[in-house]
Amino acid sequence: MFKKILIANRGEIALRILRTCKEMGILTVAVYSTADRESLHVRFADEAVCIGPPPSRESYLSIPKIMAAVEITNADGVHPGYGFLSENADFAEVCGQYGTKFIGPSPDHLRRMGDKVTAKETMIKAKVPVIPGSDGLIEDIAAGQRTAKKIGFPIILKATAGGGGKGMRIVRAAEEFEEQWDAARQEAMASFGNDGMYIEKFIEEPRHIEFQIIGDQYGKVVHLSERDCSIQRRHQKLVEEAPSPFLTRSLRKKMGAAAVRAGKSIGYEGLGTVEFLVDKHHNFYFMEMNTRIQVEHPVTEEVIDHDLVKEQIKVAAGIKLSGDSYVPALHAIECRINAEDPYNNFRPSPGVITSFHSSKGHGVRVDTHVYAGYTVPPHYDSMIAKLICRAQTREECITKMSRALDEFVIEGIKTTIPFHKQLMQNEAFRKGDFNTGFMDTFELK
Ligand code: MV4
């Protein structure tokens with residue numbers, strides 16, 4: 001087992017990882033930018049190293065700065081959390097060269113799943129259903145036009161280096177192709193320095209349903225049930241839940257088996273998420289694989305009653321997985337509370353939190369790094385807390401969430417709490433009748 005883990009992250013996830021390390025008797029090292037000097041992850045860690053000024057490029061995204069902290073503290077493991085360097089194959093490789101274990105999959109797995117065309121080819125080989133589309137990368141605009149006509153409009157152009165919506169364009173008719181092609185490629189080049197593009201049939205109003213998987217170092221892979229993440233805005237998830245109100249028992253079984261096949265086919269090691277799009281006819285298609293712990297992991301923890309960070313650290317230490325895939329018995333919902341103004345296009349609202357009272361009670365969990373007097377810095381992601389509720393049924397869970405949202409007080413900055421309160425009262429949401437287009441028509445009162 002690890003003796004000392006360096007947590008290469010900040011905010012709530014740094015604190016989340018630190019807590020599990022403490023419970024496992026593992027020493028912790030926090031790293032922080034000068035904007036995070038007063039953060040709880042810094043205060044609670046056994047050691048803390050300042051890694052630079054507020055901009056991420058010069059701190060949380062700087063491999064040399066983090067490796068220097070590893071060297072100074074002699075950490076034998078590095079937990080990358082989510083975002084920042086969590087899916088960076090070069091970082092994982094450098095960790096290996098320094099003799100510290102990157103808590104996550106191998107550099108090869110990170111590269112393979114980071115390139116979306118390669119990931120898709122891998123899934124085809126594993127007999128996981130994928131969205132009909134081009135055979136790999138598109139050579140040029142003429143080839144793209146031909147492929148698009150063959151597949152049939154609408155199609156979607158995607159960047160192989162992309163993910164999360166960047167470099168993605170829907171094309172509804174042949175006349176639009178050229179314009180969207182140029183725009184998507186330019187965006188991909190600017191964002192990723194790689195303008196490789198591929199084409200897929202555009203699935204109208206899909207649901208986003210993802211399966212949590214975990215693989216050990218001995219070839220065992222299991223899934224830990226699904227999460228429905230269809231309530232999103234501009235590719236930012238707002239609410240996640242488990243189980244999905246859309247899945248039937250037989251569909252859950254088929255998708256779970258496909259997710260396990262995806263992991264097994266590449267000998268996947270660590271915690272991962274297999275994302276699917278599900279259309280209204282219950283067809284499901286592989287979309288992407290995330291090779292990290294995710295923001296929404298608590299909903300899974302609540303329905304299966306396991307600490308996923310602990311499981312992740314255990315498999316990284318070479319401990320064998322015990323147990324089989326899970327069928328959840330409870331319902332859980334997570335609301336992401338962001339320092340944003342929902343009445344003003346979700347504009348970021350950093351600043352001082354003048355008062356803070358967290359919801360409490362049975363089945364209520366709050367994952368947060370903030371407190372009264374904390375200043376939300378403008379340099380990072382605007383998520384400041386996750387409110388997670390758990391109950392026997394979806395209906396009870398929504399009722400509990402409404403109560404918990406009413407109880408939550410955050411003053412001094414704007415937050416997304418008012419949005420969540422209204423969502424919990426929304427009839428379509430309550431019926432489980434929603435898809436990824438939900439936020440296009442949702443109106444805040
Ligand atoms: C799609 C799609 C429809 N058809 N691919 C969005 C982010 C990136 N991971 C892929 N995305 C989509 N890919 C095909 N072939 C619709 C989306 C999409 C979406 C997916 C999941 C959750 C929210 C979304 C919002 C808009 C579009």
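Note that ligands are numbered from 1 as they come in the structure, with each ligand's atoms numbered from 1 the same way. The residues of the chain are indexed from 1 along the displayed sequence.
In the vicinity of Phe202, heavy-atom distances shorter than 4.0 Å reach the ligand 1 atoms 2 (C), 3 (C), 4 (N). Residue-ligand proximity, His208 to ligand 1, at heavy-atom distances under 4.0 Å covers atoms 21 (C), 22 (C).
Side-chain contact, Arg261 with Ser265: no donor N or O sits under 3.5 Å from an acceptor N or O.
Close N/O approach between Glu275 and ligand 1 is not found [any backbone or side-chain N/O within under 3.5 Å]. Taking distance alone, with nitrogen or oxygen atoms compared against 3.5 Å, Glu288 approaches ligand 1 more closely than that limit. Residue-to-ligand polar distances keep Met168 apart from ligand 1: every N/O pair is separated by 3.5 Å or more. Between His235 and ligand 1, no N or O atom pair is found at a separation short of 3.5 Å.
Between Tyr60 and Tyr380, a ring centre-to-centre spacing shorter than 6.0 Å is recorded.
The backbone N or O of Asn338 sits less than 3.5 Å from a side-chain atom of Thr416, completing a donor-acceptor pair. At least one donor-acceptor pair closer than 3.5 Å links the side chain of Ser349 to the backbone N or O of Lys414.
One option in Lys158, Glu200, Arg234, Lys166 has a heavy atom closer to atom 1 (C) of ligand 1 than any other, and that option is Lys158.
Every residue two or more places apart in sequence or in another chain that forms a side chain to side chain contact (heavy atoms under 4.5 Å, CB included) with Asp216 is listed here: Tyr218, Lys220, Val315, Lys320, Leu321.
Heavy atoms of Lys237 come nearer than 4.0 angstrom to ligand 1 in no pair at all.
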